[in-house]
Amino acid sequence: MPSAEKTGLSSAETGMPVYAAVSPVPAPAAAMQRMSRSDRPDRVTVAVYAADPVLRLGVVQQLRQRPEVLLLADADEERAEVSLVVVDQVDDDVAALLDRLRLNTATRTGLVVATLGTGSLQRVIECGVAAVLRRAEADQDRLLRLVLAIANGEGVLPGDLLGKLLSHVGSLQRSALDPRALSLSTLTTREADMLRMVSEGLDTAEIARKTAYSERTVKNVLHEVITRLQLRNRAHAVGYALRNGLI
């Protein structure tokens, strides 16, 4: 898996934090304690957000046992150094919460998520998320490492998501260097993904579930493509995209 260093892209050039891939092997608890004592002598204050009380309780119970972390009560969550949002998927409500947390300059946000659908990665990055951990991998050591990394100003992503992000950043950079590569017929990643799903027979509701966008957003995106390319309907848009190698 390529690292952010190998790409030569800095956070200043891309407008995004430089991410490291999450190691598949959790660091031992003793190593986590050494990291905390040497790099951060104080306990990291953490607020946990989850619409599902069971999800919230699971994360709280794991972090409560660690001396490096101080969990804050709801009344004090605004002063947390790290805000952890624990969800099944990223929908409009979750995006609104992430946007609200981004406005709080005292905190940096991490996301613990069950599934991150197509297009959701860019969405959470735009919402200011500093690190992502899949819920299936969220044991105590990985959660602690995520919290300490966020508190130290680092970005963390699972390796496969890091690769997708770097590919996306690379395509943006190439477009910036060669404006002639852009045209009215160029599709964004989100548009291409949605048209590909239409070509597979998915309806609006199914596309919304897979991409973690609302049905209204899906309709608006597809309508924009059809209007911009002066096409008749979704089927016409899919045919056009296939003929021109856009999907």
Side-chain angles (χ1 to χ4, degrees), residues 1-4 6-9 13-16 19 21-22 87-96 98-99 111 113-129 132 134-136 157-247:
M1 177 55 59
S3 67
K6 289 182 181 178
T7 66
L9 299 177
E13 292 171 323
T14 64
M16 299 181 181
Y19 287 89
V22 175
V87 295
D88 286 321
Q89 62 182 7
V90 178
D91 56 20
D92 290 341
D93 290 337
V94 173
L98 296 175
D99 273 329
L111 180 69
V113 61
T115 59
L116 200 58
T118 306
S120 295
L121 176 59
Q122 181 178 349
R123 192 180 192 188
V124 300
I125 297 302
E126 291 171 352
C127 290
V129 170
V132 176
R134 288 194 173 91
R135 234 178 53 213
L157 287 175
D160 61 316
L161 295 183
L162 176 61
K164 291 179 181 179
L165 178 62
L166 293 178
S167 297
H168 176 66
V169 171
S171 67
L172 291 179
Q173 188 183 55
R174 288 192 296 273
S175 296
L177 293 174
D178 184 11
R180 293 172 301 175
L182 296 176
S183 69
L184 288 177
S185 63
T186 299
L187 298 178
T188 66
T189 301
R190 181 170 68 172
E191 291 170 344
D193 286 339
M194 289 189 183
L195 279 179
R196 192 174 296 110
M197 292 179 202
V198 172
S199 73
E200 294 170 354
L202 276 65
D203 60 22
T204 299
E206 291 169 324
I207 294 173
R209 284 195 296 272
K210 277 185 170 289
T211 60
Y213 287 104
S214 67
E215 291 187 31
R216 180 178 180 181
T217 297
V218 172
K219 291 177 181 178
N220 288 342
V221 169
L222 293 174
H223 177 74
E224 164 62 23
V225 172
I226 292 168
T227 301
R228 188 175 75 243
L229 300 181
Q230 299 180 349
L231 303 172
R232 293 189 298 276
N233 49 42
R234 292 186 183 186
H236 193 189
V238 168
Y240 178 92
L242 288 170
R243 285 194 302 274
N244 287 277
L246 299 176
I247 61 174

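Quick note: numbers below take in every heavy atom, side chains included, and nothing from hydrogens, waters or symmetry partners. It should be emphasised that the depicted structure is a prediction, and the values quoted were computed from it without experimental measurement.
Atom CZ of Arg196 sits about 11.5 Å away from atom CD1 of Ile207, to the nearest 0.5 Å. Atom CG of Asp92 and atom OH of Tyr213 lie 9.5 Å apart (nearest 0.5 Å). Taken to the nearest 0.5 Å, the CG atom of Asn233 stands 7.5 Å off from the NE2 atom of His236. With rounding to the nearest 0.5 Å, the separation of OG1 in Thr217 from CG in Leu222 is 11.0 Å.
The minimum heavy-atom distance linking Ala208 with Ser214 is given by the pair CB-C, 4.0 Å. Of all heavy-atom pairs spanning Cys127 and Ala95, the tightest one is SG-O, 3.9 Å. The shortest non-hydrogen separation linking Thr211 to Met197 is CG2-CE, 3.5 Å.
Between the side chains of Thr204 and Arg234, at least one donor N or O lies within less than 3.5 Å of an accepting N or O.
With sequence neighbours excluded, no residue satisfies side-chain hydrogen bond (donor to acceptor under 3.5 Å, both in side chains) with Arg216. With sequence neighbours excluded, the residues satisfying salt bridge (Lys or Arg N to Asp or Glu O under 4.0 Å) with Glu224 are Arg228. Qualifying side-chain hydrogen bond (donor to acceptor under 3.5 Å, both in side chains) partners for Ser199, counting only residues two or more places apart in sequence or in other chains: none.
The pair Asp193-Arg190 does not meet the salt-bridge criterion, since no charged nitrogen lies less than 4.0 angstrom from a carboxylate oxygen.
Between Val90 and Leu111 there is a side-chain heavy-atom pair separated by less than 4.5 Å. Contact annotation: the side chain of Leu187 approaches that of Ile247 to within less than 4.5 Å [non-hydrogen atoms, C-beta and beyond]. Using a 4.5 Å heavy-atom threshold, the side chains of Glu215 and Val218 count as separate. Side-chain contact between Arg135 and Asp88: present, with at least one pair of heavy atoms (C-beta onward) separated by less than 4.5 Å.
Within 6.0 Å of the NE2 atom in His223, the count of heavy atoms belonging to other residues, nucleotides or ligands does not exceed 12.
One N or O on the side chain of Arg123 and one on the backbone of Ala212 form a donor-acceptor pair closer than 3.5 Å.
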